[in-house]
Structures are given as structure tokens and as C-alpha cells.
Amino acid sequence: MIPMPTGGTAGLMREAAAFNSKVAAGVENLRKIRDEQVQIATTPKDEIFRSDKISLYRYRPLAEQKVRTPVLIVYSLVGRYTMTDLQEDRSLVRNLLRQGMDVWVIDWGNASRADRYVTMGDYVLGYLDECVAAVRRAAGVEKVSLLGICEGGVFTLAYAALEPDRVKNLALTITPVDFHADQQQDKLGHGFVNVWTRSLKAQDVDRMIDVWGVLPGDVMAAVFSMLTPIRSLTKYNLDLLDVVDDEAKLLNFLRMEKWLADRPHHAGEAAKQWLKDLYQDNKLIKGELELDGRRVDLGQVTMPVLNIYAQDDHIIPAPTSRALDGKLGTDDYTEMGLPGGHIGVFVSGKSQGIVGKGVVDWLSKRDAA
Amino acid sequence: MATDTTPGTTPWDEMGKRWREMLDQQAELAQGLLGGQAKVAGASAAGPTGGVGAQAAAVAELWSSWLTLGGSLGSAAVPTMGEPGKVAGETLGRFLDPMSLALAGGNQIGDVIRGLTEGPRFADIGHLERRMARVLELWLAAQGAARAHEANVAGTWVEANKRFMAAIGQGFGDGRKPSAGPKEALKLWLDTANQTLLEAQRSPRFLETQGEVLRRGMDFLLAARELFETFIEPTGLPTRPEMDEVHRTVQDLKRRVRALEKAARREPATVTAAVAAAPPPPAVARPRAGSAVRRAAPRRRGGNRDDKGGAPA
């Protein structure tokens, strides 16, 4: 924080001295930090399968396996799966492994202009299906449990509706289902992505993909920064100064920055579907979404479903997730509302263990069924 | 090749200079060609009295202008190309030789090939200029949209400042000092600005001006790309639509391969299942598994129903 004199010359000098010490310590910390210390997603894992740019990894166990059915983490295309394993003490992956889960994850890779024509159908019925098949083969199981996050939650939900025989349990986290339900709540900072996307014309989206071939990661980063406009402006001065003299906090800050900077492009046709079919036309909840000519009917989701949402999620407002209740073909539906925001649910110090424990408890009860 | 070592001269400056020189030269040659055409027209219109000699002389002059112009365009198309190998050099020579092209076929084919090898023709020069002007126009429109949006955003900051001053002023208004210290004042400013920006960003006016920046920017980028492609297409470099076509084809092929792989994986299972379900050969005195189950079924199925109904085992 910048020096703020609160009383008299002595007070001013004390505050100035404290401020200078803080800055000096921060500079020294920043000078000492090496790239190796800012690595993220360090939990050991092995690549089991690869298709085009997509890789499927299996994490090495950290404890004796207690839940037989493997769980496959499916992240969004808008960010990177590394958020689930940010650092050792802030890792959903490690929390799951420590409780005896067999954990897998898909890395969607980095889309480029060459991926302009990759559709959501290619991701769901192509790559995801191939990964599920690879998990089933390697683990020797008939079905897998899916853990979808944000857009990855939509992918897993669609997959569960189209291929229910291969999914044992479905855990969704911070997943939008009714893309217009943001209008049900009156929270100023929430749901701006929904508002922004609806403000575009369908031709605007087409034009962006014509020009860039992808939905650039930079564009989405700019939209996300508008969600917290002042925070985006004060991040590298006031916020950084708050943590700069504390090495642990500074490293956490830098790792988060590293994850944020690694924002991939979104494949072109899939981006059109994401923005037009879902954000604008809200086809998923209406039962009108089609992937590769197959209609996604939520009534076909017959396995147990856990729906975890963040109560203060400004990117995926809670009502957009909770709209799933009553739309499925299963009675075994559980909702879990957690304090925190979109990413904070996974990486904040306070939330550590809550999501992991919630998922493991829920899956354990359904493992033998 | 000699290079301009003038400080501050970039390759782009040099290219621009050469391009202007070439355009001047072509304009001069074009003037000659038009003059030649006029003479041919005049000689032809004069009819038999004009004499074959006059017509032949006019055609020869026109042909000469055409050759000169064609040569200048051909050499201008590859001003910085390195010395090619022997075979490539000869091929390139033939490729750029207007005479050999003229002999390659009738006028229509010759025109097409000439257009492909020599780049823009006279009719295209005006067309290109119009396209360049259009790109400039779109760039100006994009800049205008950006300025309009910036003015909108600036208005939001002014509003935030007004609100902040009003909040602070409430403390000063009755002669009291503000109850908050500097840290609190900073927090008040950040909160006020955040609230004001969030409100503004959702307003129809903000979204409209921001959307216009996006739209005008896209229009400009697409037009600029099309203009550049007009220049590079004759060189054989791939254009964006051509690359997109390749990517689309590759993606379609990937889908086909995936579908075939899936079908191939299903096939053995389908065959196995079909074999398992098939009746055994008559010679084998072994009951079918299904038959055995069916024979025992009445009691077991009944038992199962009882189990579901909670009957004791």
C-alpha cells in the first residue's frame, strides 16, 4: 500500500520507512525468484493417449486407491487445466489423489488457426469419447466418472446425455446450463460475459472467426478483465505491493499470473457454437443443442449427478448452474453451493480441500453401485 | 544488389520507393500503349485509303508498347528475387516472356496467363486504387469508432470522479473534516470507480460503442487482408481462403478417419456378440446358454420379482 500519513511528522516518517522497507524486501524477493519456483501443475503424471493436440494424462497415485472408478477431469477450452493443480498446497488434483482417487485429466492443447473448423462435436464425440475409451481400456472398467469444469462441464454434460452407458457418475463444477439465467439475479458484477455476448450480433461472432480463425485468448482475457475493472487496474501496483514482501504469497501471486497468462485460443467453430448456440440462443437448456447432428437431451442423463457451484461466481452466476435441477433423467441429483468465486473455489486457501472432499465423499458412496 | 544505406531507411521505405517508380514507369508505358491503340483505331477507321502500311505500322508500334510494358511488369514482379538455378532460370525466363506467353494459345488464354504472371492489369490498377481507398476508409471508420468509444469511457471516468467528489464533499459540506483518512479515501475512490465502471459497461450505449469498435475493426482487417492477397496471389503464395480450405478438408478427413476407427473397433465386438448369440451347430449336443437360462427362468425371474418386492430370500 502506498504511504498514507495518519498523523504528524513522526507518523509520516514511520510510514515512509515501513513502505520503503516493504518495497526493498519486495524487490529483493522478485530478484531472487527463479522460473523453476513459479512452475505450476507439478503433480507427477504420465501421458497415456494423444490425438491431434489433445493429451490424456493419468496422475501417479499419492495414496492407496479407495475408489475404483477412475475420474476424468475435463477442463474448459477458455483456460487451461493447470488451474486444478496450481501449486502443491492449492491443488484439486492432489486433494483427490490423497483420498485414493484414480485421477485423469485432458489437456486440450493450444488451438491455432489450423483448428478453425474443429467443432464442439469434435471435442465431445471425438476427443472426449476417445479419452473415455482410453481410460476404460487402461483402467479395465466399463464406465468412468467425469468431473467437468466450466465449459468442460458442458462438454461432460453433453457427453453424458449422448453416451450415458459409458459414464458412471457425473460431477459438474461451476458449469453454465441456462445461459440466460444470469438475468434472474441483481448482482452488478456478475454475469458480464453473458451480457457482453448477448450484446453481439451473430454476424459479429462469425466475423471474428473469419478474421482470426479462433476466438483469441486475448479477447476473452480482455472481457474477463472487465468483470473486475478496478482490480485489473490496481493488480500490479496496489495488490502486488500487498504481497511483494512475503515470499509465499508472492509465489502464489506469480503462479496465478502464470496460469492467467497461459490463456489459449478457442477453436473457431466450437467458439461459434459456444457463443451463439449457448450464450446467445441458450440451446442447451432448451434441448435444442445439436452436436454432430445428435440432439443433446438432458433427460438422457440417467447417472448420478453432482452439481457444484460457487455462490459468488461472477463468471458463471449461480442461477445459470442451478438451472440444471429438474432437467435430468435421474433422481440422484445433488447440489453443492460453495462460498467463493469462479476460480477461488479451486485455488483459494480457504476453499482448499472442500471441493476435493465433497467430490470424493459423493463418488465414494456411488462407487460400488 | 545495392542497398540503400541512408540512415533510417527501412526495406519498406525502399520497397515503397521502387513501387512508386514502377507505377510512374508503367503510367508512361501505358500512355504509349493507349497512343498506339489510338493510332490503330485511326488507321483502321481510315479504311482502304489509309493503306495497309499505316495499319501495320500502328500495330507494330502497339505491339512494341505491349512488349515493353509486359517486360517491365514481369521484371517488376520479382524485383528482389535472387539468381535462380539454370533450369529454374530458364523456366522463369519463359514464364515471364510475353512473347512465349502470346504464343501459348489464343488471346483469351494469353490474357489469363498474362494476368496471372504480370499481376494487375490496367483495368485493375484503378480497381486496386479503389480497394486501397476502401481499406483506408475502413481504417478511418475503425479509428472513428475507437475514438467514440474512448469518449464514452472517458465520460464514465468523469462520472466516477463526480461521484467520488460528491461522496467526499458530503464530509466537507457541513464544515467537518472527512471522517475517513487517506487510506479510506483511496478505498472510497476505488470502490466508487469500480461501481461506476461496472454500471457503465452494462449500459446499452457502452455495449454499442464497444461493439462498433469490434465491427469496424473486423471490417478493416478483412478488407486489408483481401487487398494484400490481391498482391500476393500472383506470386503463388497461399491466401487465407486457400489455407482455410485446406484446414477444412483436413478436419473433414480427421472426422472420417475417426468414424472409421470407431467402426473398426465396434466390428470385432459386433462379430463376437453375433457369434455368441448365434445358435450352436446342430451336431453339438450342448444347450445354448440362453436356453438354459430360459428353462430355469420361470422360478428365478419370479424370485427376482419377489426380491424387488421385499420377499424373504
Side-chain angles (χ1 to χ4, degrees), chain A residues 1-7 15 51-52 112-119 121-122 125-127 129-130 133 137 187-192 194-201 203-213 219 222-223 226-234 238 267-269 292 314, chain B residues 153 156-157 160 180-187 189-225 240-241 243-255 257-259 261-262 265:
Chain A
M1 191 61 71
I2 56 177
M4 294 290 180
T6 52
E15 293 219 19
S51 177
D52 298 333
S112 69
R113 286 207 74 120
D115 302 299
R116 171 174 178 171
Y117 295 101
V118 181
T119 64
D122 291 319
L125 293 169
Y127 299 128
D129 187 53
E130 288 177 331
R137 279 197 304 274
K187 286 189 177 177
L188 186 61
H190 289 211
F192 179 69
N194 305 64
V195 172
W196 181 80
T197 311
R198 284 197 297 269
S199 79
L200 299 176
K201 297 175 178 135
Q203 306 93 291
D204 297 336
V205 177
D206 293 342
R207 209 110 165 107
M208 281 196 281
I209 304 305
D210 279 349
V211 169
W212 292 313
V219 169
V223 175
M226 291 173 71
L227 296 167
T228 52
I230 290 299
R231 174 86 208 287
S232 302
L233 293 175
T234 59
L238 301 182
E269 287 302 314
D292 287 0
H314 55 314
Chain B
V153 174
T156 305
W157 283 104
K183 284 184 183 175
E184 286 73 17
L186 177 64
K187 184 177 183 310
W189 161 243
L190 295 177
D191 289 346
T192 305
N194 197 55
Q195 172 81 9
T196 312
L197 286 171
L198 284 174
E199 287 173 16
Q201 284 172 180
R202 287 169 170 264
S203 69
R205 178 167 155 67
F206 184 97
L207 291 168
E208 180 53 33
T209 57
Q210 191 186 54
E212 276 300 290
V213 173
L214 183 71
R215 275 172 218 121
R216 298 289 82 83
M218 296 294 105
D219 289 345
F220 163 70
L221 288 172
L222 277 177
R225 186 168 82 198
R240 187 71 253 163
M243 290 301 296
D244 283 347
E245 193 180 330
V246 171
H247 292 145
R248 183 195 286 270
T249 305
V250 169
Q251 191 57 36
D252 286 346
L253 287 171
K254 281 182 185 174
R255 287 189 193 114
V257 169
R258 191 179 292 130
E261 284 176 345
K262 273 189 187 177
R265 277 200 300 271

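On a predicted model such as this, the values are computed, not experimentally measured, just so you know. Proteins come first, then strands; the chains are lettered A, B, ... in the order of their sequence lines, and each starts at number 1.
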Legend entry - Residue selection (most heavy-atom pairs with chain B, distance under 4.5 Å) from A/Asp122, A/Val118, A/Leu227: A/Asp122
Legend entry - Portion of A/Arg207 that has a non-hydrogen atom of chain B nearer than 4.5 angstrom: both
Inset, instruction - Please report the closest heavy-atom contact between B/Arg202 and A/Leu188, naming both atoms and the distance. - result: NE-O, 2.8 Å
Inset, instruction - Please name the pair of heavy atoms, one in A/Met226 and one in B/Phe206, separated by the smallest distance, quoted to 0.1 Å. - result: CE-CE2, 3.6 Å
Legend entry - Portion of A/Gln203 that has a non-hydrogen atom of chain B nearer than 4.5 angstrom: neither
Legend entry - Heavy-atom pair with the smallest gap, counting every atom of A/Gly189 and B/Leu198: CA-CD1, 4.1 Å
Inset, instruction - Please list, in residue-number order, every residue in residues 214-223 of chain B that has a heavy atom less than 4.5 Å from any heavy atom of chain A; write 'none' if there are none. - result: B/Leu214, B/Arg215, B/Met218, B/Asp219, B/Leu221, B/Leu222
Inset, instruction - Answer with yes or no whether the side chains of B/Gln251 and A/Asp115 bring together a donor and an acceptor at under 3.5 Å. - result: no
Legend entry - Non-neighbouring partners of B/Thr196 that pass side-chain contact (heavy atoms from CB on, under 4.5 Å), sequence neighbours left out: B/Thr156, B/Glu159, B/Ala160, B/Arg163, B/Thr192
Legend entry - Ion pair check, A/Asp129 and B/Arg258, cut-off under 4.0 Å: no
Inset, instruction - Below 4.5 Å from any heavy atom of chain B, which atoms of A/Thr228 appear? Answer side chain, backbone, both or neither. - result: backbone
Inset, instruction - Select, from A/Ile230, A/Asp52, A/Asp210, the one with the greatest count of heavy-atom pairs under 4.5 Å involving chain B. - result: A/Ile230
Legend entry - Side chain, backbone, both or neither of A/Asp292 within contact of chain B (heavy atoms, under 4.5 Å): neither
Inset, instruction - Answer yes or no: are there more than 12 heavy-atom neighbours, outside A/Lys187 itself, under 6.0 Å from its atom NZ? - result: yes
Inset, instruction - Check whether the side chains of B/Gln201 and A/Trp196 place a donor and an acceptor atom closer than 3.5 Å, and report yes or no. - result: no
Inset, instruction - Would you sort out whether B/Asp244 and A/Tyr117 count as a side chain to side chain contact (heavy atoms under 4.5 Å, CB included), showing the intermediate values? - result: CA-CA 9 Å; B/Asp244 283 347; A/Tyr117 295 101; 3.6 Å; yes
Inset, instruction - Let me know if B/Glu199 has heavy atoms under 4.5 Å from chain A in its side chain, its backbone, both or neither. - result: both
Legend entry - Top of B/Glu261, B/Glu208, B/Met243, B/Gln210 for chain A proximity - count of heavy-atom pairs under 4.5 angstrom: B/Gln210
Legend entry - Distance in Å, B/His247 NE2 paired with A/Ser112 OG, rounded so as to fall on 0.5 Å steps: 6.5 Å
Inset, instruction - Determine the option with the most heavy-atom pairs under 4.5 angstrom with chain A, choosing from B/Arg240, B/Lys254, B/Arg225. - result: B/Arg240
